[in-house]
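To start, the structure under review is shown below, and the notes come after it.
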Amino acid sequence: MITRESKPRPAAHSAGQPRARRRRCRARALAVAAIAGTIALAGVHDDARATLLSIDTSALAGVLARLDFSIIDGDAEFGNNSFTITSITTNGSLGVADCSLGCVGGPPFTISDALGLGQFVQDLTLASTLSFEFTFTSNYAGSGAPDRSALLLLDAASNFSLLDTDLDFPSAPVPVQDALLVVDHAPGAGIRIATASNPSVPIAVAEPDAAALVALGLVLLGDLSIRRRRARVSTTTEAAPHGGPWPSTDSSRGE
């Protein structure tokens, strides 16, 4: 009688596991890179790309207000910078707009420092939400202070600020007080928003492309998690035979 020595059964998918693991690692790396890249770019603005600013105006619902956008020259290079406002939306109601001082358009509205001062004014009745998109240039002549754009929220009747905010620069070369938004027109300059105000009107700034990148990263991570769970279930199902142990590979041949 000749007896063949049995060999251990190889683990299911042993050859494919390293390859699948590498694919999962690459997918995770791409997803994490997408989210990390967005976070890293959060403070860096590409002035050619629209930025969305959203304001929660619930504390001022029903108030007749005025959005006052302005740009003031600081580097004595007139006409080298502009600030453009598009897509003003609110669940309140928009009133009269004034684009007569260093301003063109309708809409979008673009203010520039060609006259030393540019201004765009939009009256509205506030409700709970207010948002708009904006773009701006980042040119600096190298002397004096950078040109500066700012947004104030004023009382439509008195032209006094409706808010007391932490964006106050009364002694700066280009002064501003109680602003909701400040943009200095210089390479690498960031967008500054009020982080505290009385009454409280929370403000959020986001670039639409960045939001899409975050969403893509989260989708990739979610898809990766699903694939890993499916792979784990599949491996467990194939590795555990139904109805007993693996069939024996021993065979005997009688003579």
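As a basis for the values below, the full set of heavy atoms in this structure was taken, side chains included, without hydrogen atoms, waters or symmetry mates. Note that the structure is a prediction, hence the values are computed from the model and not measured.
Rounding to the nearest 0.5 Å places CD of Gln119 at 6.5 Å from OG of Ser70. A distance of 9.5 Å separates CG of Asp155 from OG of Ser161, quoted to the nearest 0.5 Å. To the nearest 0.5 Å, atoms SG (Cys103) and CZ (Phe69) are separated by 10.5 Å.
Pairs engaging residues 137-152 under the salt bridge (Lys or Arg N to Asp or Glu O under 4.0 Å) rule: Arg148-Asp184 [sequence neighbours left out]. Residue pairs satisfying the disulfide bond (SG atoms under 2.5 Å apart) criterion with at least one member in residues 139-171, sequence neighbours excluded, are absent. Among pairs with a residue in residues 127-168, none fulfils disulfide bond (SG atoms under 2.5 Å apart), at least two apart in sequence or across chains. Counting only residues at least two apart or in different chains, salt bridge (Lys or Arg N to Asp or Glu O under 4.0 Å) contacts with residues 157-174 are absent. Applying the ring pair (Phe, Tyr, Trp, His ring centres under 6.0 Å) test to pairs two or more places apart or on separate chains, none has a residue in residues 152-171. Residue pairs meeting the salt bridge (Lys or Arg N to Asp or Glu O under 4.0 Å) criterion with at least one partner in residues 62-81, sequence neighbours excluded, are Arg66-Asp123. Each ring pair (Phe, Tyr, Trp, His ring centres under 6.0 Å) pair with one or both residues in residues 85-110, not counting sequence neighbours, appears once here: Phe109-Phe120.
Val201 pairs with exactly one of Leu162, Leu163, Leu130, Thr165 by the side-chain contact (heavy atoms from CB on, under 4.5 Å) rule, that one being Leu163.
Residues passing the side chain to side chain contact (heavy atoms under 4.5 Å, CB included) test with Thr89, sequence neighbours excluded: Ser131. Looking at residues two or more places apart in sequence or on another chain, you find a side chain to side chain contact (heavy atoms under 4.5 Å, CB included) between Ile203 and Leu53, Ile55, Leu180, Ile193, Ala194. Partners of Ser149 under the side chain to side chain contact (heavy atoms under 4.5 Å, CB included) rule, at least two apart in sequence or in another chain, are Ile71, Phe83, Val183, His185. Under the side chain to side chain contact (heavy atoms under 4.5 Å, CB included) criterion, Leu64 pairs with Thr125, Ala156, not counting sequence neighbours.
Residue Val96 is found outside any hydrophobic cluster, as its side-chain heavy atoms come under 4.5 Å of no other Ile, Leu, Val, Met, Phe, Trp or Tyr.
A side-chain N or O of Thr110 and one of Thr84 form a donor-acceptor pair less than 3.5 Å apart. Side-chain atoms of Asn91 and Ser128 form a donor-acceptor pair, as typed in the model, at a separation below 3.5 Å.
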Please step through side chain to side chain contact (heavy atoms under 4.5 Å, CB included) for the pair Leu94 and Gln122, ending with a clear verdict. CA-CA 8 Å; Leu94 296 177; Gln122 173 68 66; 4.0 Å; yes
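Taking the six-membered ring where the residue is Trp, Phe134 and Phe132 present tilted rings, their angle falling between 30° and 60°.
In terms of modelled atom types and a separation under 3.5 Å, the side chain of Asp98 and the main chain of Val121 share no donor-acceptor contact. A donor-acceptor pair under 3.5 Å links the side-chain atoms of Thr57 to the main chain of Ala127, judged by distance alone. A donor-acceptor contact shorter than 3.5 Å links the side chain of Thr137 to the backbone of Ser82.
Val176 and Leu167 fall within the same hydrophobic cluster, defined by Ile, Leu, Val, Met, Phe, Trp and Tyr side-chain heavy atoms under 4.5 Å apart, directly or through other members.
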